[in-house]
There are 2 protein chains.
Amino acid sequence: MANIQQIAQEAGVSVATVSRVLNNATSVTQKTRLKVKRAINELNYEPSMLGRNLRKSESRLILVLLPSISNPFYNEIINGIQNSSIANNYNILLCETDSKPERENIYFNMVKNKLADGVISMDPTVNMQKLNELAKNHPVILCSEYEEGGTIPYVTIDSELAAYQAVKHLIRLGNEKIALISSDEKFLYARLRRAGYERALKEFQLPIRDEWIYHTKELEFQNGVQAMRMLLQLEEKPTAVFAVSDTLAIGALKALKAESELPNPIAVVGFDNISFSNMTYPTLTTISQPMYKMGYLAVDMLMNSMKDEKVESIVLDHELIIRDSTMW
Amino acid sequence: MANIQQIAQEAGVSVATVSRVLNNATSVTQKTRLKVKRAINELNYEPSMLGRNLRKSESRLILVLLPSISNPFYNEIINGIQNSSIANNYNILLCETDSKPERENIYFNMVKNKLADGVISMDPTVNMQKLNELAKNHPVILCSEYEEGGTIPYVTIDSELAAYQAVKHLIRLGNEKIALISSDEKFLYARLRRAGYERALKEFQLPIRDEWIYHTKELEFQNGVQAMRMLLQLEEKPTAVFAVSDTLAIGALKALKAESELPNPIAVVGFDNISFSNMTYPTLTTISQPMYKMGYLAVDMLMNSMKDEKVESIVLDHELIIRDSTMW
DNA sequence: CAATATATTGTAATCGATTACAAAGTAAAA
DNA sequence: TTTTACTTTGTAATCGATTACAATATATTG
């Protein structure tokens, strides 16, 4: 593969001139510009980004941290990030941490090593201390999951309010025994959604019972199935369930279908509005997050952060999508 | 951020020695090694990959091309690719082409520009001509979708045989009117799966009727819903359906549930065994591809290709997973 | 101890671009 | 035709590492 020297030689000009042509600098005559372009075509030349990046000390790559790509919740956010990045002439590196510190370290090092220019983290399992450390010297934005009272800018929704509204919806439908399927409360979103759940129950003077609150280890479908099975084994069964994610809710629905001898249907509300939530039977009532927008904005914020502008955190609006799982 | 010069100065040695310590070269005394390490810690130094990559003319990045991350089919493959890459000290760049040539060009240029060392393409919509061109100078492996009679090594399954077996299963259950929900036949997998479908029907002297073959534009759930609706409007309705992807099959199931006045249930078989396929109602009978393995092997093949070894294409085994959608 | 072999360290070129500054060329003004 | 102002081009330093080769230090041998 040819390099800039060879082009310069072929075109009979200096490397500086070739570089100017490559970067559309103004001060190059039409005539020399043509000579250079001809040489470029002749030798099938593509400028090396390695050289350019080293000189400019940038990689135009954004790291996107997420625990696992298999959670469909991230799909639309990633779409937003992707489109926004490309519009800004950046590319993204999707980084599955699998919630493993070793993996996380690899990616943090990439940033320190200048292999990436900034980070958007959607990973609730991220090591916040290390991330804060990184954020001192590098642009970092949190997307969806964030740190309360932290210094890293974030874009998210009001999880507490959303949960409150979801549960209130169940109450309005006449449910008094409402269970919660949540994940690990080390995650902020889980704590917030639980808080919303409790606020709604308290407001209507309904009991908050420990055995109606189930914590799963992960967010896979199977965890939802498992959780629902446990709830169905209780002596006093709930009549409705609020799950902190669609994946859990869908698992719960599955477990309910398997249980043929239920006197009354149990209502289920999920969270995220993943595309599959409209394909289940019954279709799932859920909270819709503006995922695409969230991703898009996260990149905007990162770009501003790179320009050393002050970046304000953003809280976006959500929406309750009412489907069959609360009206069968 | 400190650079290698400063470390050399701080430690009172030459840059070469620092580099040797960084790369665990043998010929460094314990004493100087310590001096250097102390300086590294002192100045909080992280070597710049930009410099290293330029010098070594490699980026240790693999591009993974796929049309869209929202298709859950790719999840497990990506997992395999990811794990295998990390084991080989590479990172992957997930590249959604959205089936747009502009996007594709961006990524191809990254390879030409030395920003990535190789490509694994899972994108059926890829421009094969350009990819072949790229493959002349850079390592490329095809994963899942491939080119018949092409020169780029691939890892895949026998789609024709799998489809044949899926349809044969439907025939054995007594179905004689079997529909096909396929995608665009510009994709090889679609042509192969249709061929398998037709082979099974012919073998049992069953009719191949054009109105029972529906082609969707995309692979989203909604396309499956749409396809099934059309099939249900036919005068002579099929009693079973084979869909070339789980997403389409799941959409079809959804459309079937919506239709309450069916005299007999319609059996459905999908393809891919995505994780959702076990969460639908009824659960989906499908063909399971060894997705993780496929991804893992693709990286192995790429590594060999980078070492300029000859790489043989691989056809892996599949499996028919029988669930409720063919026995209700 | 001197001569030689070996282990350790340093010097400087190199990867491929960008860019400040200098030099040469061209156009405009005197 | 000079002189001046402005454009265009070239020279060489630079980004931050690796590494061939040279130089020096240390160990081994006779």
Side-chain angles (χ1 to χ4, degrees), chain A residues 1-40 43-61 89 109-117 137, chain B residues 1-40 43-61 89 109-117 137:
Chain A
M1 185 69 95
N3 62 15
I4 200 172
Q5 317 279 351
Q6 294 168 38
I7 300 301
Q9 177 148 32
E10 173 82 16
V13 299
S14 73
V15 290
T17 302
V18 177
S19 177
R20 288 190 189 103
V21 172
L22 289 175
N23 295 283
N24 303 310
T26 45
S27 70
V28 181
T29 350
Q30 200 55 234
K31 214 176 74 185
T32 45
R33 188 182 297 274
L34 275 176
K35 275 198 298 184
V36 172
K37 289 209 166 161
R38 194 168 307 129
I40 288 175
L43 302 188
N44 216 328
Y45 167 72
E46 301 272 351
S48 155
M49 289 296 162
L50 291 179
R52 176 174 298 173
N53 289 350
L54 171 59
R55 184 57 224 256
K56 294 198 159 183
S57 186
E58 65 170 18
S59 61
R60 299 203 81 80
L61 219 52
N89 238 300
N109 278 332
M110 287 186 72
V111 183
K112 293 186 197 157
N113 293 335
K114 305 280 189 94
L115 264 193
D117 297 343
N137 300 307
Chain B
M1 184 67 96
N3 62 18
I4 201 171
Q5 316 278 348
Q6 294 168 41
I7 300 301
Q9 179 148 30
E10 173 81 14
V13 300
S14 72
V15 290
T17 302
V18 176
S19 177
R20 288 189 190 103
V21 171
L22 290 175
N23 296 282
N24 303 309
T26 45
S27 69
V28 181
T29 348
Q30 199 56 234
K31 215 175 75 186
T32 45
R33 187 182 299 274
L34 276 175
K35 277 199 297 184
V36 172
K37 288 207 167 163
R38 195 167 305 128
I40 288 176
L43 302 187
N44 216 328
Y45 166 73
E46 300 272 352
S48 155
M49 289 296 163
L50 291 179
R52 176 174 299 174
N53 288 350
L54 170 60
R55 184 57 224 256
K56 293 197 159 182
S57 185
E58 66 170 16
S59 60
R60 301 202 79 81
L61 218 52
N89 240 299
N109 279 331
M110 287 185 74
V111 183
K112 292 186 198 157
N113 293 336
K114 305 280 188 97
L115 264 192
D117 296 344
N137 300 306

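Please read all numbers here as calculations on a predicted model, not as lab measurements. Just so it is clear: chains get the letters A, B, ... in the order the sequence lines come, proteins before strands, and each one is counted from 1.
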If you look only at distance, which donor and acceptor atoms sit under 3.5 Å apart when one is on a side chain in residues 18-25 of chain B and the other is two or more places apart or in another chain?
{"unit_1": "S19(B)", "atom_1": "OG", "unit_2": "N23(B)", "atom_2": "ND2", "d": "3.4"}
{"unit_1": "N23(B)", "atom_1": "ND2", "unit_2": "S19(B)", "atom_2": "O", "d": "2.8"}

- Message: Reading DNA chain C from 5' to 3', where do the contacts with chain B start and stop? Cut-off is 4.0 Å to heavy atoms.
- Response: dT8(C) to dG16(C)
- Under 6.0 Å from the CD atom of E46(B), do we count more than 12 heavy atoms belonging to anything else shown? yes
- Message: If the helix axis at each end comes from five base pairs, how far does the helix from dC1(C)-dG30(D) to dA30(C)-dT1(D) deviate from straight, to 10°?
- Response: 50°
- Any side-chain donor-acceptor pair under 3.5 Å between N53(B) and S59(B)? no
- List in chain and number order the residues that pass side chain to side chain donor-acceptor pair (under 3.5 Å) with N113(A), two or more places apart in sequence or in another chain; answer none if no residue qualifies. none
- Query: What residues form a side chain to side chain donor-acceptor pair (under 3.5 Å) with R60(A), not counting sequence neighbours?
  - Reply: E58(A)
- With sequence neighbours left out, write down each residue that passes side chain to side chain contact (heavy atoms under 4.5 Å, CB included) with L54(B), or none if nothing qualifies. L50(A), L54(A)
- Classify the side-chain pair S57(B)/K114(B) by whether it contains a donor and acceptor separated by less than 3.5 Å. yes
- Please name all residues satisfying side chain to side chain contact (heavy atoms under 4.5 Å, CB included) with L34(B), sequence neighbours left out, ordered by chain then number. R38(B)
- Query: Contacts to DNA chain C from residues 46-53 of chain B, heavy-atom cutoff under 4.0 Å, which residues?
  - Reply: none
- Item | Counterpart residues, side chain to side chain donor-acceptor pair (under 3.5 Å), relative to S48(B) (two or more places apart) | none
- With sequence neighbours excluded, tell me which residues meet side chain to side chain contact (heavy atoms under 4.5 Å, CB included) with S14(B). A16(B), T17(B)
- Query: Is the closest side-chain heavy-atom distance between L61(B) and L115(B) below 4.5 Å?
  - Reply: no
- Tell me which of K56(B) and V28(B) sits closer to the 5' end of DNA chain C, going by the nucleotide each one is nearest to. V28(B)
- Item | N3(B) side chain vs Q6(B) backbone, donor-acceptor pair below 3.5 Å | yes
- Residues of residues 11-23 of chain A with a heavy atom under 4.0 Å from any atom of DNA chain C, listed by number, are A16(A), S19(A), R20(A), N23(A)
- Item | Listed partners of T29(A) passing side chain to side chain contact (heavy atoms under 4.5 Å, CB included), at least two apart | T32(A)
- Has T29(A) got a side-chain N or O lying under 4.0 Å from the OP1 or OP2 atom of dT9(D)? yes
